[in-house]
Asker: 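Before we start, here is the structure in question, set down as structure tokens.
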Number of protein chains: 2
Amino acid sequence: MAAKNHKEPKQRILDAAINLFAQKGFAAAGVREIAKKADVNIAMISYYFNGKVGIMKAVIKEFFDQFLEIFSEINEKNKSPEENMRLITRPIINFIRSNTKLAMVTYNELPLDIPEITELKAERTSFFLKKMSSRISGLGLDPKDAFRTAVIGTSLFSAIMMQFRFRPVIERVYKVKYDDAYYKWLEDTITTLFLNGIQGIAAGKKKQVR
Amino acid sequence: MAAKNHKEPKQRILDAAINLFAQKGFAAAGVREIAKKADVNIAMISYYFNGKVGIMKAVIKEFFDQFLEIFSEINEKNKSPEENMRLITRPIINFIRSNTKLAMVTYNELPLDIPEITELKAERTSFFLKKMSSRISGLGLDPKDAFRTAVIGTSLFSAIMMQFRFRPVIERVYKVKYDDAYYKWLEDTITTLFLNGIQGIAAGKKKQVR
DNA sequence: ATAAAAGTTAAACAAACGTTTGTCAATTTT
DNA sequence: AAAATTGACAAACGTTTGTTTAACTTTTAT
């Protein structure tokens with residue numbers, strides 16, 4: 001139950017909190033539970049984070065800081081549309097795969113009202129919105145139509161996120177393992193889906209059935 | 001603050017709970033707050049729902065019961081692919097529009113661990129998964145590839161859901177109002193996006209910019 | 001009209017909540 | 001070596017949590 005002690009206490013608290021927030025939500029995870037899992041005294045939470053919501057602030061900052069760094073900066077003009085689309089889907093999938101709980105906590109708590117965090121959330125979310133919008137507009141859409149590209153960009157992110165949120169059900173119902181092969185397949189599927197739609201998927205019969 | 005008294009107490013509790021759950025999440029919403037908003041004594045919650053999680057059970061049941069009823073039963077063979085796609089996107093958008101908070105509560109709490117509800121969630125979610133999968137497979141994809149159509153179906157639902165979860169940010173950043181015109185435009189956009197992808201959207205220049 | 005059932009209430013329950021206090025050990029600075 | 005700062009701890013703080021009890025009123029059934 002207790003955590004590994006080879007990390008700094010502050011980091012141990014953050015790790016434990018992310019795990020518990022992902023499992024039961026921010027409000028349902030108690031500070032005693034977090035402290036126990038982090039193998040740390042309860043008082044250390046206020047000492048390092050100024051209270052429970054301070055942890056959530058740190059979580060949100062960490063997610064957005066890391067996420068906004070994942071894209072290679074430029075869309076190469078000489079690459080195919082599919083390859084350019086892949087340059088968006090791949091980093092998103094890989095990032096969420098490596099930071100599943102961090103992403104799920106942030107995604108889950110974003111629409112919820114936590115008074116002390118409202119400003120931080122609004123600021124980071126609008127930045128996220130613009131980033132996704134600009135990445136999508138590099139695919140041949142009108143850059144002036146930022147609203148449309150924002151809707152598409154958030155749809156893409158949410159669609160990928162959904163595969164992680166529903167992982168337990170999907171694995172059980174369709175007898176699927178979330179392994180390397182699956183993530184490769186998911187990248188292909190999402191890429192084709194968002195580039196050419198369901199008709200694009202139906203046309204590409206070369207893909208094997210899973 | 002207090003609710004309208006022309007409804008039955010049980011329904012008032014449910015309405016108040018859905019509103020508060022949507023605003024701050026299940027765990028953060030207290031029974032006293034719910035009772036106050038419903039204009040009902042606290043004890044009535046245990047009386048009608050056997051406690052707080054009983055309300056959540058009722059919420060989940062209501063969402064899935066209502067959602068699984070929205071689709072017209074058959075995909076008409078003589079309609080265009082776009083019209084058949086629209087027969088999926090339109091009811092989803094309309095339903096979430098009319099039941100935004102109910103949908104947001106369910107969507108938000110689904111991945112979270114609430115011990116007494118695990119079974120109910122699993123059962124309903126897998127049913128939801130299969131329903132979405134079968135609807136998508138009617139669009140020209142191989143019905144035997146249920147896993148692929150499930151991924152597409154959940155992506156579609158999540159993409160639409162995202163537009164409601166991010167509504168405050170989107171409205172502010174892009175100066176958009178969520179009115180009839182917006183929902184019509186959203187239906188067009190999501191329909192084209194999932195049927196023909198971003199390239200389909202880029203090709204359809206007849207659509208006006210918002 | 002009488003009895004039984006259902007609905008409603010205020011008050012109290014123990015348990016859990018997040019935070020803070022005061023004390024002591026360890027480290028760093030002077 | 002002395003002083004100051006930082007890190008860590010057990011214990012207690014006052015609230016708030018979800019639930020239940022017992023008394024009471026209203027409605028329904030006999």
Side-chain angles (χ1 to χ4, degrees), chain A residues 1-60 105 109 112-118 120, chain B residues 1-60 105 109 112-118 120:
Chain A
M1 180 64 75
K4 50 271 163 186
N5 281 33
H6 48 273
K7 280 185 177 180
E8 294 284 284
K10 187 172 181 179
Q11 188 60 45
R12 293 210 308 273
I13 294 173
L14 202 59
D15 291 343
I18 290 174
N19 273 276
L20 285 170
F21 290 170
Q23 188 204 332
K24 29 170 63 178
F26 169 74
V31 285
R32 282 168 184 81
E33 207 178 356
I34 297 173
K36 190 174 190 176
K37 190 159 197 163
D39 196 24
V40 150
N41 188 278
I42 318 176
M44 294 290 94
I45 289 178
S46 288
Y47 183 77
Y48 283 112
F49 293 95
N50 280 308
K52 190 184 170 187
V53 303
I55 310 182
M56 195 63 211
K57 282 188 187 178
V59 170
I60 291 177
V105 172
E109 302 294 336
L112 299 186
D113 205 52
I114 306 175
E116 292 190 56
I117 293 190
T118 314
L120 173 67
Chain B
M1 181 61 77
K4 49 272 162 185
N5 280 33
H6 48 273
K7 280 185 178 179
E8 295 283 284
K10 187 173 181 179
Q11 187 61 46
R12 294 210 307 273
I13 294 173
L14 201 60
D15 292 343
I18 290 174
N19 273 277
L20 286 170
F21 290 170
Q23 187 204 333
K24 29 172 62 178
F26 169 74
V31 286
R32 282 167 185 79
E33 207 178 357
I34 297 172
K36 190 174 189 177
K37 191 159 194 160
D39 195 25
V40 149
N41 189 280
I42 318 176
M44 294 290 92
I45 288 178
S46 288
Y47 183 78
Y48 283 112
F49 292 94
N50 282 308
K52 191 183 169 186
V53 303
I55 311 183
M56 195 64 211
K57 282 188 188 178
V59 170
I60 292 177
V105 172
E109 302 294 337
L112 299 185
D113 206 52
I114 307 175
E116 293 190 56
I117 293 191
T118 314
L120 174 67

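Below, chain A is the first sequence line, B the second, and so on; all start at residue 1.
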Asker: For B:Pro9 and A:Glu33, find the nucleotide of DNA chain C closest to each by heavy atoms; which residue's nucleotide sits nearer the 5' end?
Answerer: B:Pro9
Asker: Please state how far atom CE in B:Met56 lies from atom P in D:dG18, giving the value in whole angstrom units.
Answerer: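 Whole-Å distance recorded here is 14 Å.
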Asker: Can you check the A:Gln11 CD to D:dG7 C1' distance for me, whole Å?
Answerer: 17 Å
Asker: Report all interatomic pairs (protein N or O, nucleotide N or O of nucleotides 24-27 of chain C) with separations under 3.5 Å.
Answerer:
none

Asker: Counting N and O atoms only, with roles assigned by atom type, does the side chain of B:Thr118 sit under 3.5 Å from a partner on the main chain of B:Pro115, one being a donor and the other an acceptor?
Answerer: yes
Asker: Quick one: are B:Phe21 and B:Ile34 in side-chain contact, heavy atoms under 4.5 Å?
Answerer: yes
Asker: Starting at atom NZ of B:Lys24, determine the distance to atom P of D:dT17, rounded to an integer number of angstrom.
Answerer: 8 Å
Asker: Are B:Leu14 and B:Tyr48 side-chain neighbours, meaning at least one heavy-atom pair lies under 4.5 Å?
Answerer: no
Asker: Give the rounded distance in Å between these two atoms: CD1 of B:Ile34 and P of D:dT16.
Answerer: 17 Å
Asker: What is the nucleic acid contact for A:Ala29, judged by heavy atoms within less than 4.0 Å: base, sugar-phosphate only, or nothing?
Answerer: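 Result for A:Ala29 = sugar-phosphate.
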Asker: Tell me: CZ of B:Phe49 to P of C:dT8, nearest whole Å?
Answerer: 13 Å
Asker: Do A:Lys52 side-chain atoms and A:Phe26 backbone N/O form a donor-acceptor pair below 3.5 Å?
Answerer: yes
Asker: So, taking the atom named CD1 in A:Ile55 and the one named NZ in A:Lys10, what distance separates them when rounded to the nearest 0.5 Å?
Answerer: 10.5 Å
Asker: So with a 6.0 Å cut-off around CD of B:Glu116, is the heavy-atom count from everything else above 12?
Answerer: no
Asker: Flag yes if more than 12 heavy atoms outside A:Gln11 fall under 6.0 Å of its CD atom; otherwise flag no.
Answerer: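 Check passes, neighbour count above 12.
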Asker: Flag the pair B:Met56 / B:Val105 as yes when at least one side-chain heavy-atom distance between them is below 4.5 Å, and no otherwise.
Answerer: yes
Asker: Measure NZ/B:Lys36 against C1'/C:dT9 and give the value in whole Å, please.
Answerer: 17 Å
Asker: To the nearest Å, how far apart are B:Ile13 CD1 and C:dT9 P?
Answerer: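 After rounding, the gap between these two atoms is 10 Å.
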Asker: Distance check: side-chain N/O of B:Tyr47 vs OP1/OP2 of C:dT8, anything under 4.0 Å?
Answerer: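 No.
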Asker: N/O contacts under 3.5 Å, protein versus nucleotides 19-28 of chain D?
Answerer:
unit_1: D:dT19; atom_1: OP2; unit_2: B:Lys52; atom_2: N; d: 2.8

Asker: How many whole angstroms separate atom CE of B:Met44 from atom P of C:dA6?
Answerer: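 That distance rounds to 13 Å.
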Asker: If I compare all heavy atoms of A:Leu112 with all of B:Gly25, which pair ends up nearest, and what's the gap?
Answerer: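 Smallest interatomic distance, heavy atoms only, reads CD2-N, 3.7 Å.
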